[in-house]
Amino acid sequence: MPIALTVPYALTMEQAILRLGDGPVHYRRAGESDRALMLLHGLASNGSRWNELVRTSSLTRDWTVLVPDLRGQALSVVREPIRSEDWVADLAAILDQEGFADCVIGGHCLGANVAARFALRFPERVRGLILVEPMLAETLSGGLGMLARARGLLGPLAGAVLVANRLGLWRRLLPRLDLEALDRETRRKMAEGRDRQALTRRYGSPLHDLRYVPVASYLQSLRETLRPMPPWDRLQAPTLVLLSSGNRFGDCGRAQSLLRAIPRHSIAVVEAEHWIHAEEPEALRLHIEHWLATLETAAPAD
């Protein structure tokens with residue numbers, strides 16, 4: 001049986017925090033439907049990334065919403081080797097533990113890539129796919145583009161940190177990051193015009209991210225974020241793609257061109273830099289609610 005924890009992780013919505021089997025992965029569950037919707041966070045993030053959407057939407061009326069902290073982050077902290085295949089296996093185990101044969105699965109940033117990899121590994125378990133700002137190595141520019149070309153260095157660097165961890169060199173206490181509260185505060189400062197760089201400083205700074213994530217987990221998650229994806233035309237499930245109009249981490253037009261290879265897709269572009277949850281939460285909610293409502297009859301249109 002899953003073990004419920006009394007952890008005051010998110011005080012803004014009712015949810016159970018459960019543990020996968022005996023160890024270390026934790027996830028949140030909200031709703032009591034016979035249909036599952038699994039939502040995955042991005043790089044250096046955690047399950048609270050989806051709190052605002054779940055709290056302000058009708059999702060829990062029609063779905064059992066499952067929101068994991070991916071292995072290595074937040075409540076699921078580990079200091080061990082991690083690859084996307086491990087996350088995919090964890091997600092399948094969560095569905096098994098909850099008794100769901102299939103689900104709609106979605107994610108943001110790294111989480112979108114992991115959701116797509118899950119759909120490729122278990123096509124029979126995915127009835128729909130939601131990709132919010134997937135990270136496409138071919139479209140990345142600036143510092144991330146250069147890092148993508150040198151991603152082979154991230155594995156050995158993470159390995160060196162893991163050796164140091166085994167020698168006892170690691171932080172004993174990591175603060176928890178409430179992303180709903182952070183989003184709300186960032187929007188307030190931007191609306192007041194006092195902090196025009198709030199987005200990039202709060203969401204695009206590795207130094208800020210590393211306050212909350214073990215260094216080895218961050219490096220390995222970054223490596224997986226920059227890992228090239230398999231051909232998009234192999235996806236079988238109906239797919240909603242939400243992209244930001246800004247070119248913060250890559251070219252939106254090129255991303256659309258690549259993602260149109262998905263056989264059954266719907267693409268929407270939102271006026272945002274990259275962090276749609278923080279910048280345009282209402283647009284995010286409306287797009288997802290509408291697409292889920294029409295999932296069974298939606299035509300494969302762009």
Side-chain angles (χ1 to χ4, degrees), residues 7-15 28 30 39-57 59 65 67 69-70 73-75 106-112 130-135 140-144 147 171 173-215 217-218 221-222 225 242-252 255 268-289:
V7 179
Y9 193 99
L11 303 178
T12 55
M13 60 177 282
E14 292 294 328
Q15 55 187 294
R28 294 154 193 75
L39 299 172
L40 312 179
H41 62 78
L43 173 68
S45 184
N46 62 62
S48 70
R49 165 45 63 222
W50 297 96
N51 280 0
E52 183 172 13
L53 174 68
V54 175
R55 183 177 56 79
T56 60
S57 71
L59 293 180
V65 183
V67 184
D69 285 343
L70 293 175
Q73 305 194 41
L75 294 178
H108 171 250
C109 187
L110 166 64
I130 301 171
L131 306 178
V132 182
E133 281 290 280
M135 299 296 283
L140 297 176
S141 59
L144 266 185
L147 195 55
R171 287 173 290 170
L173 182 63
L174 291 168
R176 298 256 168 79
L177 177 61
D178 184 338
L179 284 158
E180 181 178 6
L182 178 62
D183 291 348
R184 189 165 51 244
E185 176 66 12
T186 300
R187 285 196 296 267
R188 182 183 67 80
K189 289 189 175 183
M190 291 179 66
E192 293 174 353
R194 295 191 297 110
D195 195 353
R196 303 311 302 171
Q197 302 303 316
L199 276 172
T200 54
R201 185 167 59 253
R202 286 168 170 76
Y203 301 99
S205 167
L207 292 178
H208 183 273
D209 293 341
L210 285 168
R211 292 175 55 196
Y212 304 97
V213 183
V215 174
S217 293
Y218 181 83
S221 298
L222 181 59
T225 301
L242 297 179
L243 298 173
S244 295
S245 59
N247 295 318
R248 175 70 187 173
F249 295 122
D251 184 83
C252 178
V269 178
V270 179
E271 291 293 327
E273 284 296 314
H274 173 73
W275 302 278
I276 295 176
H277 294 77
E279 298 173 79
E280 294 292 342
E282 184 70 1
L284 177 74
R285 180 184 68 79
L286 291 173
H287 278 297
I288 289 177
E289 284 185 334

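Since the structure is predicted, the reported quantities are computational estimates derived from the model, not experimental observations. Numbers here simply count residues along the sequence, with the first being 1.
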Checklist entry - Looking at side-chain heavy atoms only, is the closest gap between Leu284 and Val270 below 4.5 Å? => result no
Item to check | Residue pair Asp251, Ser141: steps toward the side-chain contact (heavy atoms from CB on, under 4.5 Å) verdict | outcome: CA-CA 8 Å; Asp251 184 83; Ser141 59; over 6 Å; no
Checklist entry - What distance do Leu110 atom CG and Glu133 atom CD have between them, rounded to the nearest 0.5 Å? => result 13.5 Å
Item to check | Non-neighbouring partners of Arg187 that pass side chain to side chain donor-acceptor pair (under 3.5 Å), sequence neighbours left out | outcome: Glu52
Checklist outcome for this item: Residues Arg171 and Val215: closest non-hydrogen pair is NH2-N, 3.9 Å
Next on the checklist: Testing the basics here: between Leu70 and His41, what is the closest heavy-atom pair and its distance to 0.1 Å?
Outcome noted: N-NE2, 2.9 Å
Item to check | Separation between CZ of Arg285 and NE2 of His277, rounded to the nearest 0.5 Å | outcome: 13.5 Å
Checklist outcome for this item: Heavy-atom closest pair (Tyr218 atom, Val213 atom, distance to 0.1 Å) is N-CG1, 3.8 Å
Item to check | Arg49 and its side-chain contact (heavy atoms from CB on, under 4.5 Å) partner, picked from Leu40, Asp183, Val132 | outcome: Asp183
Checklist entry - Does Glu273 offer a backbone N or O that forms a donor-acceptor pair with the side chain of Glu279 under 3.5 Å? => result yes
Checklist entry - Say you draw a straight line from CG of Leu147 to CG of Leu222; how long is it, rounded to the nearest 0.5 Å? => result 5.0 Å
Item to check | Distance, nearest 0.5 Å, that separates CD1 of Ile276 from CG of Leu243 | outcome: 7.0 Å
Checklist entry - Atom CH2 of Trp50 and atom CZ of Arg28: how far apart are they, to the nearest 0.5 Å? => result 13.5 Å
Checklist entry - Strictly by modelled atom types, are Glu271 and Ser245 linked by a side-chain donor-acceptor pair under 3.5 Å? => result yes
Checklist entry - What are the two closest heavy atoms between Leu177 and Asn46, and how far apart are they? => result O-ND2, 2.8 Å
Next on the checklist: Which heavy atom of Ser244 sits nearest to which heavy atom of Ala272, and what is that distance?
Outcome noted: CB-O, 3.2 Å
Next on the checklist: Run Ile288 and Ser57 through side-chain contact (heavy atoms from CB on, under 4.5 Å) and show every step you take.
Outcome noted: CA-CA 9 Å; Ile288 289 177; Ser57 71; over 6 Å; no
Checklist entry - Hey, mind stepping through Thr56 and Glu282 against side-chain contact (heavy atoms from CB on, under 4.5 Å) and telling me if it holds? => result CA-CA 9 Å; Thr56 60; Glu282 184 70 1; 5.9 Å; no
Checklist entry - Atom CG in Leu174, atom CG in Leu210: separation rounded to 0.5 Å? => result 10.0 Å
Next on the checklist: Ring centres under 6.0 Å, that's the criterion: do Trp275 and His108 meet it?
Outcome noted: no
Checklist entry - So which heavy atom on Cys109 is nearest to which on His274, and how close? => result SG-NE2, 3.9 Å
Next on the checklist: Checking the side chain of Ser48 only, and the main-chain atoms of Asp178 only, is there a donor and an acceptor separated by less than 3.5 Å?
Outcome noted: no
